[in-house]
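In what follows, a single structure is set out as structure tokens and then discussed.
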Number of protein chains: 2
Amino acid sequence: MADSKIENVIGALALAFADTLQRDAQAKAPEPGPAASAITLIGHVPGLSIERLRRALSLSHSGTVRLVDRLVADGLAARFSAPDDHRAVALRLTPLGETTCSAILSARQTGLASALAVLSSEELQEFGKLAAKLLRGLVSTEDHAYRICRLCNYSACLDCPVEAELA
Amino acid sequence: MADSKIENVIGALALAFADTLQRDAQAKAPEPGPAASAITLIGHVPGLSIERLRRALSLSHSGTVRLVDRLVADGLAARFSAPDDHRAVALRLTPLGETTCSAILSARQTGLASALAVLSSEELQEFGKLAAKLLRGLVSTEDHAYRICRLCNYSACLDCPVEAELA
DNA sequence: TGATGTATATGCTCCAAGCATATATTTTTT
DNA sequence: AAAAAATATATGCTTGGAGCATATACATCA
């Protein structure tokens with residue numbers, strides 16, 4: 001029973017953090033829903049294909065195509081043909097898209113940092129260590145890794161535990 | 001920069017946990033989206049009004065009314081008139097709704113427990129302690145508390161940090 | 001070369017979500 | 001006490017994102 005309570009607390013915290021994250025990110029995105037994640041994913045993996053994006057976002061194929069259509073119409077992303085596979089599309093951010101991506105990531109960062117501010121430096125280190133251990137236990141496939149990291153600021157994530165687990 | 005990395009890890013973990021939670025919960029609900037949370041909230045607060053439910057789910061008013069319509073049509077919930085305020089609706093689960101609610105909560109519990117299984121007992125205690133501290137720092141209003149706890153198993157949550165923070 | 005599999009695109013339909021508005025009840029103001 | 005404002009719910013209307021089915025192009029394998 002004591003364990004159930006811990007699970008409640010951890011689950012509630014995860015929901016609350018995820019709510020904040022998504023709210024902050026979506027506020028800087030052109031539309032609600034998966035657009036913010038799509039932008040940061042393309043930003044991190046220039047040349048990403050629609051199919052990989054689809055799997056990272058857990059969306060249907062047509063839904064992903066339409067989402068990309070809208071990002072392109074908004075001037076945030078562009079389609080190129082992939083050099084290695086002529087069926088595939090290589091997605092890239094436009095300069096405006098890069099700006100939006102940065103705005104999303106820094107909004108996310110700010111919200112997260114303020115939520116974590118109640119912890120002391122030692123507590124934060126300890127919490128992060130345990131979080132990394134949990135994260136390593138969760139990663140399964142590479143697609144799943146993209147999904148988990150869909151709102152991460154990769155430039156700040158040297159030595160990422162998700163990458164470490166995949167390798 | 002090291003701090004940014006910790007925030008990445010914690011944010012990614014929160015997203016991953018929230019994904020799992022919502023997936024497990026929605027799998028037992030009659031429809032995707034906020035239905036699972038609505039069922040567990042009504043289960044925990046019998047007599048809940050549509051307006052309070054609306055705020056907990058962060059939905060529009062008409063959206064909430066329609067959601068309740070569907071739950072009623074599915075035989076999971078029922079509308080009664082609130083004894084103290086004759087404008088308001090008092091929502092309650094039917095026996096079938098109670099069954100569904102239990103299924104949602106135990107699916108959520110199972111998924112969460114397996115994700116936490118990589119931690120030792122001491123690590124889990126430590127992680128839970130820090131999570132509770134973070135959670136207390138996040139709670140603002142009573143509506144927000146309902147939102148945070150929207151998928152909690154209240155029967156297992158004696159001494160809830162959210163309640164403690166509100167009081 | 002032919003057959004199967006994979007990546008993308010698009011017409012179609014559906015349905016959840018929001019807006020505007022209407023009604024009933026409660027609370028506040030005059 | 002009557003009038004005005006606020007609150008709770010309900011519903012017609014529209015929109016737009018999401019999935020299904022299908023079509024096309026390219027790739028891979030037999």
Side-chain angles (χ1 to χ4, degrees), chain A residues 19 22-23 25-27 29-39 41-42 45 47-74 76-92 141-143 146-147, chain B residues 19 22-23 25-27 29-39 41-42 45 47-74 76-92 141-143 146-147:
Chain A
D19 278 356
Q22 310 228 32
R23 182 176 45 81
Q26 291 180 8
E31 63 178 53
S37 304
I39 292 167
L41 278 166
I42 299 171
V45 191
L48 190 71
S49 77
I50 287 188
E51 175 61 17
R52 285 196 78 78
L53 181 62
R54 182 194 81 75
R55 289 196 287 248
L57 299 177
S58 296
L59 227 59
S60 73
H61 179 76
S62 52
T64 313
V65 170
R66 261 63 185 258
L67 172 56
V68 170
D69 287 347
R70 273 171 271 141
L71 294 180
V72 170
D74 291 340
L76 300 171
R79 285 177 163 97
F80 298 89
S81 79
D84 52 324
D85 187 334
H86 284 192
R87 295 168 299 181
V89 162
L91 297 169
R92 286 173 188 281
T141 65
E142 192 175 350
D143 286 328
Y146 279 132
R147 173 158 192 82
Chain B
D19 278 356
Q22 308 227 37
R23 183 175 45 81
Q26 291 180 10
E31 63 178 50
S37 305
I39 291 168
L41 279 166
I42 299 171
V45 192
L48 189 72
S49 78
I50 286 186
E51 175 61 17
R52 284 196 81 76
L53 182 61
R54 182 193 81 75
R55 289 196 287 249
L57 299 177
S58 296
L59 227 60
S60 74
H61 180 77
S62 53
T64 314
V65 170
R66 263 59 187 261
L67 172 57
V68 171
D69 288 348
R70 272 171 272 142
L71 294 181
V72 170
D74 291 340
L76 299 171
R79 284 176 164 99
F80 299 90
S81 78
D84 52 324
D85 188 335
H86 284 192
R87 295 168 300 182
V89 162
L91 297 170
R92 286 172 187 283
T141 65
E142 193 177 347
D143 285 330
Y146 277 132
R147 174 159 190 81

**OP:** Residues of residues 60-73 of chain B with any non-hydrogen atom less than 4.0 angstrom from an atom of DNA chain C: list those, numerically ordered, please.
**Re:** B/S60, B/S62, B/R66, B/R70

**OP:** Using atom CG of A/D85 as one end and atom P of C/dG5 as the other, report the distance to the nearest whole Å.
**Re:** 17 Å

Subject >> Nearest-Å distance for atom pair CD1/P, residues B/I50 and C/dA17 >> reply: 14 Å

Original post:
Are the side chain of B/S58 and the backbone of B/R54 linked by a donor-acceptor contact shorter than 3.5 Å?
Top reply: no

**OP:** For A/F80 and C/dA7, give me the distance from atom CZ to atom C1', rounded to whole Å.
**Re:** 18 Å

Original post:
Which residue lies toward the 5' end of DNA chain D, A/D84 or B/R79, if each is placed at its nearest nucleotide?
Top reply: B/R79

Subject >> Rounded distance (Å) that lies between atom P of D/dA8 and atom CZ of B/R54 >> reply: 9 Å

Subject >> Derivation and outcome, side-chain contact (heavy atoms from CB on, under 4.5 Å), residues A/R79 and A/D69 >> reply: CA-CA 9 Å; A/R79 285 177 163 97; A/D69 287 347; 2.8 Å; yes

Original post:
With a non-hydrogen cut-off below 4.0 angstrom, is A/P34 in contact with a base, only sugar-phosphate, or nothing?
Top reply: sugar-phosphate

Original post:
Has B/R87 got a side-chain N or O lying under 4.0 Å from the OP1 or OP2 atom of C/dT23?
Top reply: no

Subject >> Rounded distance in Å - CG (A/L59) to P (C/dA9) >> reply: 15 Å

**OP:** Tell me, with the steps shown, if B/L57 and B/L41 meet side-chain contact (heavy atoms from CB on, under 4.5 Å).
**Re:** CA-CA 10 Å; B/L57 299 177; B/L41 279 166; 4.1 Å; yes

Original post:
Is there side-chain contact between A/L76 and A/R70, with heavy atoms separated by less than 4.5 Å?
Top reply: no

**OP:** Can you tell me the distance, in whole Å, between the CD atom of A/E31 and the C1' atom of D/dG17?
**Re:** 8 Å

Subject >> Check: B/P30 and B/I39 side chains under 4.5 Å, non-hydrogen atoms >> reply: yes

**OP:** Please examine the side chains of B/R55 and B/Y146, heavy atoms only from C-beta on, and report whether any two atoms are closer than 4.5 Å.
**Re:** no

**OP:** Give the rounded distance in Å between these two atoms: CD of B/E51 and C1' of C/dT26.
**Re:** 14 Å

